[in-house]
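Let me begin by presenting the structure, written as structure tokens, before commenting on it.
Quick note: numbers below take in every heavy atom, side chains included, and nothing from hydrogens, waters or symmetry partners.
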Amino acid sequence: LNPRILGGDCLILLLGDRGPGKTQMATWWAAERLKAGKFAGWYRKTADLIGEIKCTWHDGGRSVGTENDVLKKYRSADYLVLDEFHDRGSSDWESRTLVNIIDHRYDNMLATVIIANLTEAQVRAEINPSIVSRCEETGGFVVCDWPSYR
């Protein structure tokens with residue numbers, strides 16, 4: 001277990017094809033956080049997080065609160081897993097929103113795990129350089145290139 005997962009202050013990208021257990025690792029880390037008396041955190045598919053924010057635009061926040069409420073929830077959780085990061089949209093708004101969430105988490109030294117079915121080269125080409133830089137500084141890339149467990 002990376003001690004930074006329990007202590008915060010990390011951004012780790014779990015990369016690789018489908019099936020090697022990336023989500024299972026992130027879930028196990030959440031369980032370890034619970035054993036250590038910490039909040040297990042939030043797990044969200046990236047598209048669902050974006051959808052939750054957009055939902056506030058259509059129903060005035062009645063279902064999930066205001067846009068700021070949703071952003072605050074993900075900016076401040078002790079542990080956040082963003083799965084299926086490769087399925088995010090390509091709009092400027094979405095990119096800026098994800099960078100904003102991750103920057104707030106970085107500023108507050110909160111543990112973040114991003115899971116993507118991408119190679120390291122694809123991450124460097126497709127993901128905002130601010131996210132890549134924060135990852136290199138505080139956690140790194142974990143390339144899960146072993147055979148699928150499925």
Side-chain angles (χ1 to χ4, degrees), residues 1-56 63-64 67 70-150:
L1 173 66
N2 184 324
R4 292 178 109 169
I5 294 289
L6 289 178
D9 188 26
C10 71
L11 172 57
I12 296 174
L13 269 78
L14 297 178
L15 308 174
D17 205 1
R18 290 161 179 80
K22 299 182 299 291
T23 302
Q24 291 298 318
M25 282 190 284
T27 302
W28 182 79
W29 289 332
E32 291 299 303
R33 290 179 56 79
L34 280 174
K35 287 181 194 174
K38 298 182 178 284
F39 176 55
W42 291 105
Y43 166 90
R44 289 294 181 270
K45 292 186 180 189
T46 303
D48 292 340
L49 183 149
I50 294 299
E52 190 173 334
I53 294 168
K54 288 181 177 180
C55 182
T56 68
S63 62
V64 294
E67 182 173 345
V70 175
L71 289 170
K72 184 178 177 182
K73 174 173 136 180
Y74 295 112
R75 287 175 182 158
S76 63
D78 290 343
Y79 180 62
L80 176 64
V81 177
L82 293 176
D83 203 349
E84 306 290 342
F85 204 77
H86 54 276
D87 284 339
R88 72 203 179 288
S90 59
S91 74
D92 287 340
W93 172 84
E94 191 165 320
S95 179
R96 284 191 316 272
T97 299
L98 291 169
V99 168
N100 179 272
I101 290 168
I102 290 166
D103 279 348
H104 276 270
R105 299 184 60 70
Y106 171 84
D107 291 344
N108 292 301
M109 300 173 64
L110 299 170
T112 308
V113 175
I114 295 174
I115 302 171
N117 297 340
L118 300 169
T119 65
E120 188 173 337
Q122 289 170 316
V123 165
R124 292 182 184 282
E126 297 177 21
I127 293 181
N128 186 291
S130 294
I131 294 173
V132 172
S133 174
R134 304 257 186 283
C135 175
E136 290 174 330
E137 178 188 350
T138 65
F141 300 101
V142 177
V143 180
C144 304
D145 57 359
W146 48 85
S148 174
Y149 289 104
R150 291 185 189 160

Worksheet item: Does a side-chain heavy-atom distance below 4.5 Å link Asp87 with Lys45?
Response: no

Item to complete: Kindly check if the number of other-residue, nucleotide or ligand heavy atoms within 6.0 Å of NZ (Lys73) is above 12?
Response: yes

Response to the item:
Separation between CG (Leu49) and CG (Asp83), nearest 0.5 Å, reads 12.0 Å

Practice prompt. For Thr27 and Thr23, indicate whether the former's side chain and the latter's backbone hold a donor-acceptor pair under 3.5 Å.
Written response: yes

Worksheet item: Do Thr138 and Tyr106 touch side chain to side chain, with heavy atoms closer than 4.5 Å?
Response: yes

Discussion item. For the residue pair Gln24 / Tyr149, report whether a side-chain donor-acceptor contact shorter than 3.5 Å exists.
Written reply: no

Worksheet entry | Side-chain donor or acceptor of Lys22 paired with backbone N/O of Val143 under 3.5 Å | no

Response to the item:
So salt bridge (charged side-chain N to carboxylate O under 4.0 Å, His left out) across residues 101-127, not counting sequence neighbours, yields Asp103-Arg134, Glu120-Arg124, Arg124-Glu136

Discussion item. Pairing donors with acceptors under 3.5 angstrom, does anything connect the side chains of Asn128 and Arg96?
Written reply: no

Worksheet item: Going by heavy atoms in the side chains, are Leu110 and Leu80 under 4.5 Å from each other?
Response: no

Worksheet entry | side-chain contact (heavy atoms from CB on, under 4.5 Å) assessment of Ile131 paired with Val99 | CA-CA 7 Å; Ile131 294 173; Val99 168; 3.9 Å; yes

Discussion item. If you define the side chain from C-beta out and look only at heavy atoms, does anything of Glu84 sit under 4.5 Å from Asp48?
Written reply: no

Fill in: Derivation of the side-chain contact (heavy atoms from CB on, under 4.5 Å) call for Thr97 and Leu71
CA-CA 9 Å; Thr97 299; Leu71 289 170; 4.0 Å; yes

Worksheet item: Say you draw a straight line from CG of Leu98 to CD1 of Ile50; how long is it, rounded to the nearest 0.5 Å?
Response: 4.5 Å

Worksheet entry | Worked verdict on Ile114 versus Val123 for side-chain contact (heavy atoms from CB on, under 4.5 Å) | CA-CA 11 Å; Ile114 295 174; Val123 165; over 6 Å; no

Fill in: Heavy-atom closest contact (Ile12 atom, Gly139 atom, distance)
CG1-CA, 4.0 Å

Worksheet entry | Inter-residue atom distance Phe39.CZ - Leu34.CG, 0.5 Å rounding | 9.0 Å

Worksheet item: Is the backbone of Pro20 close enough, under 3.5 Å, to the side chain of Ser148 for a donor and an acceptor to pair up by distance?
Response: no

Discussion item. Taking the side chain as everything from C-beta on, heavy atoms only, tell me whether Lys38 gets closer than 4.5 Å to Asp78.
Written reply: no

Discussion item. I'd like to check Ile53 versus Tyr74 (side-chain heavy atoms, cut-off strictly below 4.5 Å). Are they in contact?
Written reply: no

Fill in: Minimal non-hydrogen separation, Ala26 against Tyr79, with atom names
O-OH, 2.9 Å

Item to complete: Would you check if Ile127 and Phe85 make a side-chain contact, meaning some heavy-atom pair closer than 4.5 Å?
Response: yes

Worksheet item: When rounded to the nearest 0.5 angstrom, what is the spacing between OG1 in Thr112 and CG in Leu11?
Response: 5.5 Å

Worksheet item: From Thr56 OG1 over to Glu67 CD, what is the distance, rounded to the nearest 0.5 angstrom?
Response: 5.0 Å

Item to complete: Check the pair His86, Gln122 against side-chain contact (heavy atoms from CB on, under 4.5 Å), reporting the backbone distance first and the verdict last.
Response: CA-CA 10 Å; His86 54 276; Gln122 289 170 316; over 6 Å; no

